[in-house]
Amino acid sequence: MLEITKIRENKDEIIAALKVRNFDADKSIQEVLRLDNEWRSAKGELDGLAAEANKLTKEIGDLYKSGQADKANEVKAKSAALKANEPVLKDKVAALAEEINAILYLIPNVPNKIVPPGNADTDNVVEMEHGTKPSLPKNALPHWELAKKYDIIDFELGVKVTGAGFPFYLGKGARLQRALINFFLDHARDAGYKEVIPPLLVNEESGRGTGQLPDKEGQMYHTPTDDFYLIPTSEVPLTNIYRDVIVKESDFPIKLTAYTPCFRREAGSYGSDVRGLNRLHQFDKVEIVRIEHPDRSYQALEEMVNHVEELLKALELPYRKLRLCGGDLGFTSALTYDLEVYSAAQDKWLEVSSVSNFETFQANRLKLRYKDADKKSVLAHTLNGSALALPRILAALLENNQTENGINIPKVLVPYTGFECI
RNA sequence: GGAGAGUUGGCAGAGUGGUCGAAUGCACUAGUCUUGAAAACUAGCGUACCGCAAGGUACCGAGAGUUCGAAUCUCUCACUCUCCGCCA
């Protein structure tokens, strides 16, 4: 969430910037500032009262020590009278703080200056396109048909055992999946990311830390008996490693990577978007996460996008890079680049990576800070990106590389798969 | 699942209801000494909020209670550890 101190100082800029994402913050910000003023004066009053009471308490202690019990009783009466109001005031301060937080929780991150205005994904800016769309054989099939033809993914079996959106990968399909994971992880390691295997279930605090809760409550699977959430992305456990942590400035850059399955309920999705591998409830993803010094976070963002582009180039997939518009920008993000691969048989661009800088928006909830040269605690910047999400990569690979004689595996993967063709 | 023990500052660890934001040790930072380092010595060393500042307030797992006053007493909850059982 946004920092109240920044809202105090830059109210107008923030309101103006939030318009880019079609968020009218005027009322809520005015309200927050009004409540904040009220809170500060109530807090001052309460602190003063407590200071007075603390003084009397000391007096009583001294009087008892010097054996003046009767005088002590007089002061006791004074103290009691003074404190009569305290609970009311205390409640008021707590209530105001809660109100302020409740509003702050609902205000999205301030978009970066270069975020284009817009309402929907059609307003995203295509920054560049790389590679050429393949020309497919006449009777080219979409990946779900190919999956059946070569018996490498079984969607119906998933329905039987679990439900829609939980496919089985079989034989070479499973091997290819594992090959991609290893290829991605090796690449991340070479780029200096530390590999992590995190828990797949997290507690509520972690969900709040990275901002999935409370806004996306319904998107996560929840285990009511133990009150855990299944991770929708490894961003959640990885970034929460640094919840309530004050790092040293010399620790930067902090670079983590993890392969995990991801679980998403995807309530309300339907139609051709969810066909085959396009949208699943459980899917595999390799994620890269960075904790950065505020001065370096945008350079880090560029590095991360380049990293993802290298992967796509190595896989010989046609892709394009989008700068998300205000309307499509995630709640917690200040700037996001999406990378989409072209899946030829579907004739669709599929989002395979989303790389974001959250600046201090997550760090503020996480209380993730570093000590600067003056030994002051300053909020760090957090970033993350998919590198990459597996199913749509698989879809594009299958569709784009199909031939009459089978499906060709990109050269870079062959050492990982052990076969060149499906 | 059963039984027990515990939760204090970066870590270890003390703490009789008032002098405790909290001993001590280690770690860390700066200085002295040294050709340099180590050792030794000296000093500093939690977090957050309010305030221009002086200063003030809060925090000893969380929440509530007793009291003029709670790290210390009472209650509720959460978590951790140990042993036993079960198990990949």
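Keep in mind that this is a model prediction, so the values were computed, not measured. In the text below, chain A, chain B and the rest are named by the order of the sequence lines, each starting its count at 1.
- Applying the Watson-Crick and G-U wobble criteria (two distances, each under 3.5 Å), B:G36 pairs with nothing in any strand.
- Taking atom P in both B:A23 and B:G9, one finds a spacing of 12 Å when rounded to whole Å.
- OP1 or OP2 of B:G51 has at least one side-chain nitrogen or oxygen of A:Arg40 nearer than 4.0 Å.
- At a threshold of 4.5 Å between non-hydrogen side-chain atoms, the residues A:Glu74 and A:Leu63 do not count as touching.
- Note: A:Tyr221 and A:His281 have perpendicular aromatic rings, judged against thresholds of 30 and 60 degrees for the angle between ring planes.
- Rounded to whole angstrom, the span from the CG atom of A:Asn37 across to the C1' atom of B:G51 amounts to 14 Å.
- Separating the P atom of B:U8 from that of B:G4 is a span of 22 Å, rounded to the nearest Å.
- Backbone-only contact: A:Ala50 has heavy atoms under 4.0 Å from sugar-phosphate atoms and none from a base.
- Considering only side-chain N and O atoms, A:Arg369 lies nowhere under 4.0 angstrom from the phosphate OP1 or OP2 of B:G46.
- For B:A58, one of the phosphate oxygens OP1 or OP2 lies less than 4.0 angstrom from a side-chain nitrogen or oxygen of A:Asn54.
- Between A:Ser377 and B:A48 there is a side-chain polar atom (N or O) within less than 4.0 angstrom of OP1 or OP2.
- Listed pair A:Lys83 / B:G69 meets the phosphate criterion, a side-chain N or O lying under 4.0 Å from OP1 or OP2.
- The separation of B:A38 from B:A54, taken at their C1' atoms, amounts to 44 Å, rounded to a whole angstrom.
- As rounded to whole Å, 4 Å separates atom C1' of B:C68 from atom CD1 of A:Ile60.
- Atom CD of A:Gln30 has more than 12 neighbouring heavy atoms from other residues, nucleotides or ligands inside a 6.0 Å radius.
- B:U7 and B:G61 have their C1' atoms separated by 6 Å, given to the nearest Å.
- The distance from atom CG of A:Asp62 to atom P of B:G69 is 16 Å, rounded to the nearest whole Å.
- Taking atom NZ of residue A:Lys76 and atom P of nucleotide B:G18, one finds them 15 Å apart after rounding to whole Å.
- Contact annotation for A:Thr57: base contact, defined as any heavy-atom pair under 4.0 Å involving a base atom.
- Distance A:Lys78 NZ to B:U67 P: 21 Å, rounded to the nearest Å.
- Nearest-nucleotide mapping onto RNA chain B: of A:Ala53 and A:Trp39, the residue sitting toward the 5' end is A:Trp39.
- Using the Watson-Crick or G-U wobble rule with both distances under 3.5 Å, B:A22 pairs with nothing in any strand shown.
- Rounded to a whole angstrom, the distance from the C1' atom of B:C84 to that of B:G13 is 30 Å.
- Residue order along RNA chain B, read from the 5' end via each residue's closest nucleotide, puts A:Tyr64 first among A:Tyr64 and A:Ile4.
- Using Watson-Crick or G-U wobble geometry with both donor-acceptor distances under 3.5 Å, B:A27 finds no partner in any strand shown.
- Considering A:His307, A:Glu287, A:Arg290 as possible partners of A:Tyr193, the one that fulfils the side chain to side chain donor-acceptor pair (under 3.5 Å) test is A:Arg290.
- A:Leu56 places its CG atom 13 Å from the P atom of B:C68, with the value rounded to the nearest Å.
- Nucleotide B:G6: paired with B:C79 (Watson-Crick or G-U wobble, both distances less than 3.5 Å).
- B:A48 and B:A43: their P atoms are spaced 27 Å apart (whole Å).
- If you check the side chains of A:Arg392 and A:Ser343, you find no donor sitting under 3.5 Å from an acceptor.
- As rounded to the nearest Å, B:G46 and B:G85 have C1' atoms that lie 43 Å from one another.
- A:Gln362 and A:Thr382 form a side-chain donor-acceptor contact under 3.5 Å, judged by distance and modelled atom types alone.
- Defined by atom type and a distance below 3.5 Å, a donor-acceptor pair is missing between the side-chain atoms of A:Asn54 and A:Thr57.
- The base-pairing partner of B:G69, taking Watson-Crick or G-U wobble contacts with both distances under 3.5 Å, does not exist among the strands shown.
- Atom-to-atom, CG of A:Leu63 to P of B:U19 comes out at 15 Å; the value is rounded to the nearest Å.
- The separation between A:Leu49 atom CG and B:C68 atom P is 16 Å, rounded to whole Å.
- A distance of about 47 Å separates the P atoms of B:U35 and B:C49, rounded to the whole Å.
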